[in-house]
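To keep things clear, I will list the structure first and then write my remarks on it.
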Amino acid sequence: MTDADAEAGPDADAALPEDVDAVRAALVEWYEADHRSFPWRETTDPYRILVCEVMSQQTQLERVEAAYRAFLEAWPTVEDLAAADRADVVGFWTDHRLGYNNRATYLHTAAGQVVEDYDGAFPETPDELQELHGVGPYTANAVASFAFNGGNAVVDTNVKRVLHRAFDVEDSDSAFEEAAQRLMPDGESRTWNNAIMELGGVACGKVPRCDEAGCPWRGSCRAYETGDFTAPDVPTQPSFEGSRRQMRGRVVRTLREYDDLALDALGPRVRVDYAPGGTFGRAWLRDLLSDLADDGLVELDERDGDTVARLRR
DNA sequence: CTCCAGAACA
DNA sequence: TGTTCTGGAG
């Protein structure tokens, strides 16, 4: 028994197959034979990888592709982005329907950190990368592996689904991290992380396509054997229509068209049923704007006793 | 209605 | 640990 086994516990890798090497080789071979082509798979520039990863959070890859190209045309380097007006970056985000405008501010802030704290040269370790605003465990490992072929195994919803179905890994973050790391071949994080996420996106999606996609793990997959393709629970989101986040999006999009706007001018453009004293009135809008200001998206000031909002520059 | 390469904040 | 953050597509 190795030290790693003792540390992890006796049954930590009980779910993994006997011939781990064969399973690894099969996936890498499957990935390298044929996979989807994305522009960010053609680069090892950490800035480009970070842009792609932040855009990809909770957003379909197909929609990311056009935005990714346009973004890099507008701000080709991390220095360009750090020097940009925040309002322009947020404006770009909404124009390209990327959602979660917060992420535009994260990316802008992170670019400033790279320039200020690291003299323009990206850190290479997951721990250092996580110091960047908006970079958590997943994104840190993604940048470390895709840019530097380092870091640990990435764990996202795709990887969790694959590990749970194929090897019956229990639905807990620590179990997923451990299994993913044990499965990943040393020194091949770039290819491996791409491959296992590709598997989750192409062959082992919510609706499995094992035979159509020629899944390389059919011979050792528990789900394929038993027919039980249950996937880990992904928390269901509340409906978008009429939600607070829909209203936030409308505020940002409206302010994009104006230098600044007073409450009663902004309100009707956010909700048709806006009425200064009503349920959806000044108090409601002020509360919404206050959160947007806390998130660094909007600036508020007083003019002639009235509140005026604009995108933060 | 659901899904989608997560992270910040309380 | 739970809650919040967008919006397009099927």
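To the nearest 0.5 Å, atom OG of residue A/S56 and atom CZ of residue A/F38 are 8.5 Å apart. For the atom pair A/L72 CG and A/R48 CZ, the distance stands at 5.0 Å (nearest 0.5 Å).
The CG-P distance, from A/L129 to B/dG6, rounds to 17 Å in whole Å. Taking atom CD of residue A/E177 and atom P of nucleotide B/dG6, one finds them 15 Å apart after rounding to whole Å. Atoms CE (A/M55) and C1' (B/dA7) sit 17 Å apart, rounded to a whole Å. Rounded to whole angstrom, the span from the CG atom of A/L107 across to the P atom of B/dG6 amounts to 16 Å. One atom, CD of A/Q113, and another, C1' of B/dA8, lie 13 Å apart when rounded to the nearest Å. Remark: P of B/dA5 and NZ of A/K160 are 13 Å apart, rounded to the nearest angstrom.
Remark: A/K160 engages A/D173 in a salt bridge, criterion side-chain N to carboxylate O under 4.0 Å. Using a 4.0 Å cut-off between charged nitrogen and carboxylate oxygen, A/D156 and A/R161 do not count as a salt-bridge pair. Salt bridge A/R303/A/D306: absent, no basic N to carboxylate O contact under 4.0 Å. Under the 4.0 Å criterion applied to side-chain N and carboxylate O atoms, A/R248 and A/D295 are assigned as salt-bridge partners.
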Produce a footprint string for nucleotides 1-10 of chain C: one letter per nucleotide, 5' end first; B if the base is under 4.0 Å from any protein heavy atom, S if only the sugar-phosphate is, - if neither. ----BBBB--
Do any side-chain atoms of residues 199-213 of chain A form donor-acceptor pairs under 3.5 angstrom with protein atoms, and if so which ones, sequence neighbours left out?
| residue | atom | partner | partner atom | Å |
| --- | --- | --- | --- | --- |
| A/D211 | OD1 | A/R218 | NH1 | 3.0 |
| A/D211 | OD1 | A/Y224 | OH | 2.7 |

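Rounded to whole Å, the P atom of C/dT6 lies 14 Å from the corresponding atom of B/dC9. Taking atom P in both B/dA5 and C/dT4, the straight-line distance is 23 Å, to the nearest Å.
Annotated as anti: B/dA7, whose O4'-C1'-N torsion sits more than 90° from 0.
The phosphate of B/dC4 has neither OP1 nor OP2 within less than 4.0 Å of any side-chain N or O from A/T157.
Side chain of A/R165 to backbone of A/F229: a donor-acceptor contact under 3.5 angstrom is found.
Partners of A/W284 according to the ring-ring contact (aromatic ring centres under 6.0 Å, His included) rule, which considers only residues two or more places apart in sequence or in another chain, are A/F280. For the ring-ring contact (aromatic ring centres under 6.0 Å, His included) test, no residue two or more places apart in sequence or in another chain qualifies with A/F122.
Taken residue by residue, residues 133-142 of chain A places heavy atoms nearer than 4.0 Å to DNA chain B at A/H133, A/G134, A/V135, A/G136, A/P137, A/Y138, A/T139.
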Fill in the dot-bracket string of DNA chain C, one character per base: . for unpaired, | for a pair to another strand, ( ) or [ ] for pairs within the strand, taking Watson-Crick or G-U pairs under 3.5 Å. |||||.||||
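Centroid-to-centroid, the aromatic rings of A/F92 and A/W75 come within less than 6.0 Å.
Toward the 5' end of DNA chain B, the nearer of the two residues A/Q130 and A/W40, judged by each one's closest nucleotide, is A/W40.
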